[in-house]
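Written below as structure tokens is the structure these notes are about.
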Amino acid sequence: MHGNTAQCHNTGIMRVQIKLFAIARERAGVSETWLDVPSHANVGQAVDELAKRFPPLSVILQRAMLAVNREYAQRDLVLKENDELAVIPPVSGGEA
Amino acid sequence: MTHIALTREALDPEAIAALVKTPKNGAVVTFLGVTRDNNEGRNVFYLEYESYEEMALKELHNVVEEAKRKWHDLDVAVVHRLGRVNIGEVSLVTSVGAPHRKDAFAACAYLLDRIKETVPIWKREVFTSGEVWIGSEEHAKSHNPAK
């Protein structure tokens with residue numbers, strides 16, 4: 001079966017990089033990891049997968065913002081192989 | 001001009017403000033964020049700042065560009081300290097230079113509001129009987145025990 005050269009993992013699974021910060025990092029016990037998700041998974045699906053792998057992250061993931069390749073992303077954004085998905089817990093900068 | 005930086009070194013507000021004190025600017029407004037010794041009834045020992053650095057720099061640039069589009073003649077310098085910041089030490093310097101003071105004040109306030117909304121920098125507060133990440137679920141619960 002031929003595919004274009006970029007698709008070396010033609011198995012229906014792709015790998016994305018996960019970055020965890022602040023309380024998310026503490027709860028998961030790691031600051032970076034790789035996550036295998038279905039080939040056309042979106043951010044929301046990757047987040048669900050992350051919650052399964054790190055149950056202590058579940059609550060935080062509900063409240064966190066997500067960023068893909070250093071830009072804020074909605075949960076329906078479709079991911080690509082090697083995308084960097086960061087979990088951004090709520091930032092709070094003090095009272096005005 | 002625009003100067004944006006993250007650093008683990010102690011901040012020098014005078015040096016940062018000097019960057020925006022150009023001959024065209026009649027007004028320079030500088031904000032210092034300083035670690036307070038108390039917060040919500042807790043005695044604070046120190047704050048610790050963590051950042052998603054590559055994205056924080058990107059968002060800081062975006063925020064400064066926003067301000068420059070709203071107030072056209074600005075010079076801006078923003079420097080945020082990371083790591084441990086003790087009581088009375090400065091965690092953030094935001095300096096704005098503009099021809100006149102109305103714009104300098106307005107732009108500085110705007111920058112701060114936007115920085116605190118969008119820039120991925122978190123602070124962990126270490127106090128007498130423990131520590132808490134400001135903005136977290138634990139923090140929200142301690143703030144509102146009835147929740």
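Within every chain, numbering begins at 1; the chains are lettered A, B, ... in the order of the sequence lines, protein sequences first and strands thereafter. Computed from a predicted model, the values in this text were never measured in an experiment.
B/V90 approaches B/L11 most closely through the heavy-atom pair O-CD1, 3.7 Å.
Considering only heavy atoms from C-beta on, A/L85 comes within 4.5 Å of A/V43 through its side chain.
In this structure a side-chain-to-backbone donor-acceptor pair under 3.5 Å is present from B/N25 to B/V20. A donor-acceptor pair is defined here as one N or O able to donate and one able to accept, closer than 3.5 Å; such a pair exists between the side chain of A/D83 and the backbone of A/K80. Using modelled atom types, one side-chain atom of A/N42 and one backbone atom of A/Q45 make a donor-acceptor pair closer than 3.5 Å.
Here the straight-line distance linking atom CH2 of B/W133 with atom NE2 of B/H139 works out to 13.0 Å at 0.5 Å rounding. With values rounded to the nearest 0.5 angstrom, A/H40 atom NE2 is found 8.0 Å from A/M14 atom CE. From A/I60, atom CD1 reaches atom CD1 of A/I23 across 5.0 Å, with rounding to the nearest 0.5 Å. Put simply, CG on B/L6 and CG on B/L92 are 10.5 Å apart, with the number rounded to the nearest 0.5 Å.
Among the residues in residues 66-76 of chain A, those with a non-hydrogen atom closer than 4.5 angstrom to a non-hydrogen atom of chain B are A/A67, A/N69, A/R70, A/E71, A/Y72. The interface of residues 54-79 of chain B with chain A, defined by heavy-atom distances below 4.5 Å, comprises B/E54, B/M55, B/K58, B/E59. Residues of residues 27-34 of chain A lying under 4.5 angstrom from chain B, judged on non-hydrogen atoms, are A/R27 in numerical order.
For B/V132, no part lies near chain A; criterion is any non-hydrogen pair under 4.5 Å. Looking at B/E125, there are no atoms closer than 4.5 Å to chain A (heavy atoms on both sides), in backbone or side chain.
Counting non-hydrogen atoms of other residues, nucleotides and ligands closer than 6.0 Å to CD of A/Q17 gives a total above 12. Other residues, nucleotides and ligands contribute only 12 or fewer heavy atoms inside 6.0 Å of the CZ atom of B/F105.
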Exercise. Give the C-alpha distance, both sets of side-chain angles, the deciding distance and a yes or no for side-chain contact (heavy atoms from CB on, under 4.5 Å) between B/M1 and B/L19.
Key: CA-CA 8 Å; B/M1 71 95 67; B/L19 296 172; 4.1 Å; yes
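Salt-bridge formation is not detected for the pair B/E138/B/K141: no Lys NZ or Arg NE/NH1/NH2 atom is positioned less than 4.0 Å from an Asp or Glu carboxylate oxygen.
Here B/D12 pairs with nothing under the salt bridge (Lys or Arg N to Asp or Glu O under 4.0 Å) rule; sequence neighbours left out.
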